[in-house]
Amino acid sequence: QVHLVESGGGTVQAGGSLRLSCTASATNFNSYGMGWFRQAPGKKREFVAAINWGGSNTYYADSVRGRFTISRDNDKQMTTLQMNNLGPEDTAVYLCAADWLGYGSAAPGTYDYWGQGTQVTVSS
């Protein structure tokens, strides 16, 4: 069983930055690929970024590549998402997810565990 808790959301003006954290309670955290997804009201859950279990490979949605950076610290059982140059289109609930032995999938159905999410609001 893996328990995930996101933090770091908030309201920021366009062009600003936020750093999201996902803290895990897991027996073998370093065996899980981790992903960040987001969901805006009335829209489907959307892939944002992912990192494989070892941390050697990262993947990004085209819409965030070059602005967002995913990283992980296996000792702290934490995954972070640094978000820069935010725009109103980035407004959503951001969720982290864990995928056993995952390589960093963009498919939500691949993930085994999900956090509750943290709200990010970007004002224009």
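The figures that follow rest on heavy atoms only: side chains count, while hydrogens, waters and symmetry mates do not.
- Pairing each heavy atom of V2 with each of A98, the nearest pair is CG1-CB, 4.4 Å.
- Inter-residue side-chain proximity for S7 and R19 is flagged as unmet; no heavy-atom pair is nearer than 4.5 Å.
- With rounding to the nearest 0.5 angstrom, the CG atom of L101 is 9.5 Å from the CG atom of D112.
- Placement of L95 and F68 in two distinct hydrophobic clusters is found when ILVMFWY residues are connected by side-chain heavy-atom separations under 4.5 Å, directly or transitively.
- No donor-acceptor distance shorter than 3.5 angstrom exists from the side chain of T91 to the backbone of T121, with no hydrogens or angles considered.
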* Before giving the answer on side-chain contact (heavy atoms from CB on, under 4.5 Å), spell out for L20 and W36 the whole-Å C-alpha distance, their side-chain angles and the decisive distance to 0.1 Å. => CA-CA 10 Å; L20 305 184; W36 283 97; 3.7 Å; yes
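- A distance of 7.5 Å separates OG in S105 from CZ in F47, rounded to the nearest 0.5 Å.
- Classified by interplanar angle (parallel below 30°, tilted 30° to 60°, perpendicular above 60°), the ring pair Y113/Y32 is perpendicular.
- Although no hydrogens or angles enter the test, the distance criterion places no donor-acceptor pair under 3.5 Å between the side chain of Q82 and the main chain of I70.
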* Asked: Does the pair L4 and T23 meet the rule for a side-chain contact (heavy atoms from CB on, under 4.5 Å), with working shown?
  -> CA-CA 6 Å; L4 302 172; T23 302; over 6 Å; no
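- Shown here for A40 and A92, the closest heavy-atom pair between the two residues is N-CB, 3.9 Å.
- For the atom pair CZ of R72 and CD1 of I51, the computed distance is 6.0 Å after rounding to the nearest 0.5 Å.
- Geometrically, R45 engages W114 in a cation-pi contact defined by less than 6.0 Å to the ring centre and at most 45° from the axis.
- A heavy-atom distance below 4.5 Å is not found between the side chains of Y94 and F37.
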* Starting from the C-alpha separation in whole Å, work towards a yes-or-no answer on side-chain contact (heavy atoms from CB on, under 4.5 Å) for V48 and Y60. => CA-CA 6 Å; V48 176; Y60 297 94; over 6 Å; no
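- Here the CG atom belonging to D99 is positioned 11.5 Å from the OG atom belonging to S31, to the nearest 0.5 angstrom.
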* Asked: Under the side-chain contact (heavy atoms from CB on, under 4.5 Å) criterion, do L18 and V120 qualify, and how do the steps go?
  -> CA-CA 8 Å; L18 282 174; V120 171; 3.8 Å; yes
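- At a cut-off of 3.5 Å, with distance as the only test, a side-chain donor of S71 or T80 sits close to an acceptor on the other residue.
- Of the possible polar contacts, one joining the E6 side chain to the C96 backbone as a donor-acceptor pair under 3.5 Å is found.
- Here CZ of F29 is found 9.0 Å from CE of M78. Values are rounded to the nearest 0.5 Å.
- In this structure, the salt bridge (charged side-chain N to carboxylate O under 4.0 Å, His left out) partners of R67, at least two apart in sequence or on a different chain, are D90.
- Shortest non-hydrogen contact noted between S17 and N84 is OG-OD1, 3.0 Å.
- Judged by distance alone, the side chain of N52 and the main-chain N or O of N57 form a donor-acceptor pair under 3.5 Å.
- Residues A50 and Y111 share a closest heavy-atom pair of CB-OH, 3.6 Å.
- The closest side-chain heavy-atom distance from R38 to V64 is below 4.5 Å.
- Between atom CD of residue Q77 and atom CG of residue N28 there is a gap of 9.0 Å, rounded to the nearest 0.5 Å.
- S63 is not listed as a side-chain neighbour of E89, based on a closest heavy-atom distance of 4.5 Å or more.
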